[in-house]
Amino acid sequence: MLDGFALLALLVATLRAATPLLLAGFGELVAERAGVLNLGVEGMMLVGAATGFIATAATGNPLLGLLAAALAGAAMALLFGLLTLTLRANQVACGLALTIFGIGLSALIGLPWQGTPITGLATVLWPGLDAASPLVQQFMLLDPVLWLALAAPLLVSAFLYRSRPGLVLRAVGESHDVAHALGYSVLRVRYAAVLFGGAMSGLGGAYLSLVYTPMWTENMVAGRGWIALALVVFSAWKPGWLALGALLFGFVTIAQFHAGALGLDISPHLLTMLPYLATVLVLVLISRDATRLKLNAPAALGKPFTATG
Amino acid sequence: MTLHRRSLLAAPALLGAAALTHGAAAADPFKVGFVYVSPIGDAGWTFQHELGRRAVEAALGDAVKTSYVENVPEGADAERVIRRLAQDGNQLIFATSFGYMNQTERVAKAFPKVKFEHATGYKRAVNLATYSGRYYEPRYLTGIIAGRLSKSGVIGYVAAFPIPEVIQGINAVMLGARSVNPNATIKVVFTSSWYDPGRERAAADTLVAQGADYLTQHTDSTAVVQAAEEKGVWCSGYDSDMLKYAPKTHTTAVEMHWDDYYIDRVKQAIAGTWTSGDVWGGMASGMVRLSRFNPNLPAPLLGEVAAKTEEIKSGKLVVFSGPIKDQSGAVKVPAGKALTDPEILSMNWFAEGVQGKV
């Protein structure tokens with residue numbers, strides 16, 4: 001059975017599996033709280049993963065890779081913003097187009113770099129830990145991006161609920177007309193939120209190509225962008241529930257492998273289903289009250305803003 | 001739509017080429033299509049098929065025109081792609097993944113004049129042949145290496161799906177490992193995907209956390225050997241040489257070589273001597289091999305593996321020969337008997353020592 005060693009490994013593996021979901025999810029949460037529904041998360045993650053990998057392979061510096069990934073994700077988001085905010089195109093259609101575009105673009109720019117070996121991001125040891133100890137070596141593979149992902153729920157909550165700009169952002173998401181009448185620039189706020197979402201998605205993608213599996217292959221995000229999107233909606237746009245959903249998904253993803261490796265008498269097909277099943281179940285329970293879900297949803301979500309008066 | 005991106009890009013070039021050669025007396029090249037389940041990349045199952053395709057082009061030159069569609073999911077999409085290749089005038093089509101079986105069969109019925117070849121499947125027709133490699137033979141050898149190198153005796157196996165082709169490999173590694181270490185065990189984790197680096201990585205990490213100190217895989221990406229390198233445990237790759245992804249810990253890999261088979265079959269199709277059938281090539285035919293060995297492997301082990309390789313090639317060593325027990329300890333193959341090919345092809349049980357569920 002599982003001993004303390006294996007339990008610690010399970011915890012670390014859970015955090016690593018949840019990291020891309022946390023990053024992309026909290027980016028999207030901020031965008032949606034500002035009233036913008038960006039379905040292009042998967043595409044932005046892929047472009048971030050490819051760009052981050054290329055920058056790392058070219059410069060040898062994974063930190064530059066992360067920076068490039070965030071910028072690339074933000075650039076994709078800027079494109080989305082131009083279409084939906086400035087030109088007021090349909091957000092759902094543009095988001096889907098952004099994903100399809102991102103899949104193709106990342107495959108195209110990443111093609112010459114397939115199979116290039118890179119040195120991924122170095123891990124950060126807590127001060128005081130003995131780097132030579134096998135326990136520390138084996139399991140304390142925690143890197144700066146993971147710490148950032150773990151801090152994201154706290155930082156985003158503090159921003160949304162404890163700061164004035166956060167209040168303005170939520171107001172824009174609830175009623176852009178009122179926010180506009182009060183003198184706030186709806187477009188500026190929304191651009192900032194969308195760009196933040198793009199940068200976070202890019203980082204989430206780069207986590208996969210620089211840390212989790214240091215390689216670039218086509219379509220390597222493998223649907224995690226869609227999971228992050230679903231988590232945002234099912235968590236009723238609440239940071240706490242979103243963090244819980246991402247960690248739960250990560251945990252069950254890893255737990256299924258542990259169950260398989262322990263030789264438990266469970267069909268592997270059922271195990272594969274488990275993360276989705278568990279996450280849907282928990283989040284349905286959270287959001288079972290339809291009226292509450294409706295009340296929680298940003299009222300202006302997905303609606304284009306036209307300044308009047 | 002990743003499926004046709006390259007073929008779309010290629011289309012204008014093809015039209016241009018067709019316009020140039022129009023009116024020339026030269027015979028039209030024989031068109032051969034390939035369907036790949038994952039991106040080509042630079043290692044793995046699909047990459048080896050791509051090497052086979054390039055070998056056909058190199059060997060037959062202007063007499064053939066090959067094309068491929070990569071990253072085709074198993075299932076309904078595959079039928080559309082295979083049908084399209086048939087409609088585009090390909091006269092011989094290689095469908096290179098197990099999950100294309102029913103789709104290939106349906107398209108073969110609809111295009112009786114086109115010849116089809118399906119890798120690793122078992123459904124055949126007059127115009128539908130099957131081919132595969134006896135991967136379990138080199139697998140057995142990696143089992144010997146694992147049995148010798150693993151200190152804990154626990155081998156971690158990242159596998160895609162519990163189908164016979166995969167189970168053969170797991171059992172072969174188990175038998176090879178137990179031939180040198182009677183206490184060796186295998187822990188298996190199924191990822192339910194031929195190609196998902198993230199899941200393969202997580203599965204590899206899990207196996208190491210549960211005590212495995214030798215990793216091997218039946219999935220298509222290099223994530224498992226990269227994880228092994230990072231954790232400092234020995235590993236062997238699959239499909240292609242993966243040494244460059246794990247220079248310190250990659251012992252060797254089970255490699256497929258389709259070149260000769262593809263060239264032969266295309267030549268036969270052009271000459272009109274192609275007939276349907278089933279080819280299952282082993283180490284003796286060169287269709288399956290071990291890739292170059294890690295320079296850090298001890299010389300006695302290399303000698304042992306070389307000797308066993310010769311025994312397999314000469315037929316002296318038969319991998320699935322008795323006595324073999326299954327997980328419950330019941331005798332599955334009695335001493336003096338060996339499994340027949342149909343029995344190997346329908347293998348749905350784990351040998352003694354394998355932990356995990358079929």
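Chain identifiers are assigned alphabetically (A, B, ...) following the order of the sequence lines, protein sequences preceding nucleic acid strands; residue numbering begins at 1 within each chain.
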In the structure I gave you, are the side-chain heavy atoms of A:Met215 and B:Ser221 within less than 4.5 Å of one another anywhere?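 Counting from C-beta outward, A:Met215 and B:Ser221 do come under 4.5 Å.
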Do A:Thr217 and B:Tyr195 make a side-chain contact, defined as non-hydrogen atoms from C-beta onward lying under 4.5 Å apart?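 The answer is yes, as the side chains (C-beta and beyond) meet within the 4.5 Å cut-off.
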So, using side chain to side chain contact (heavy atoms under 4.5 Å, CB included) as the criterion, who are the partners of B:Thr120 when residues are at least two apart?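 Side chain to side chain contact (heavy atoms under 4.5 Å, CB included) list for B:Thr120, sorted by chain: B:Trp45, B:Phe98, B:Ser132, B:Tyr135, B:Glu165.
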Strictly less than 4.5 Å between heavy atoms, which residues of residues 239-248 of chain B line up against chain A? Please order them by number.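 When heavy atoms of chain A are the reference, residues 239-248 of chain B contributes B:Lys244, B:Tyr245 within the under-4.5 Å range.
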Contacts table for residues 157-164 of chain B: side-chain donor-acceptor under 3.5 angstrom, sequence neighbours left out:
unit_1: B:Tyr157; atom_1: OH; unit_2: B:Arg139; atom_2: NE; d: 3.2
unit_1: B:Tyr157; atom_1: OH; unit_2: B:Arg139; atom_2: NH1; d: 3.3
unit_1: B:Tyr157; atom_1: OH; unit_2: B:Arg139; atom_2: NH2; d: 3.4

Within this structure, what is the [atom1]-[atom2] distance for the pair [X] and [Y], rounded to the nearest 0.5 Å?
| X | Y | atom1 | atom2 | value |
| --- | --- | --- | --- | --- |
| B:Arg201 | A:Phe257 | CZ | CZ | 12.0 Å |
| B:Asn71 | A:Ile103 | CG | CD1 | 10.0 Å |
| B:Asp196 | A:Asn219 | CG | CG | 10.0 Å |

Which region of A:Ala17, side chain (C-beta onward) or backbone (N, CA, C, O), has a non-hydrogen atom less than 4.5 Å from a non-hydrogen atom of chain B, or is it both or neither?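 Looking at A:Ala17, nothing touches chain B.
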Side chains of residues 248-256 of chain A: which donor-acceptor pairs under 3.5 Å do they make with residues two or more places apart or in other chains?
unit_1: A:Thr253; atom_1: OG1; unit_2: A:Phe249; atom_2: O; d: 2.6
unit_1: A:Gln256; atom_1: OE1; unit_2: B:Arg199; atom_2: NH2; d: 3.3
unit_1: A:Gln256; atom_1: NE2; unit_2: A:Thr253; atom_2: O; d: 3.3

Between [X] and [Y], which heavy-atom pair has the shortest distance, and what is it?
| X | Y | result |
| --- | --- | --- |
| A:Tyr212 | B:Gly198 | CE2-O, 3.5 Å |
| B:Ala209 | A:His258 | CB-CE1, 4.5 Å |
| A:Pro214 | B:Gln226 | O-NE2, 3.2 Å |

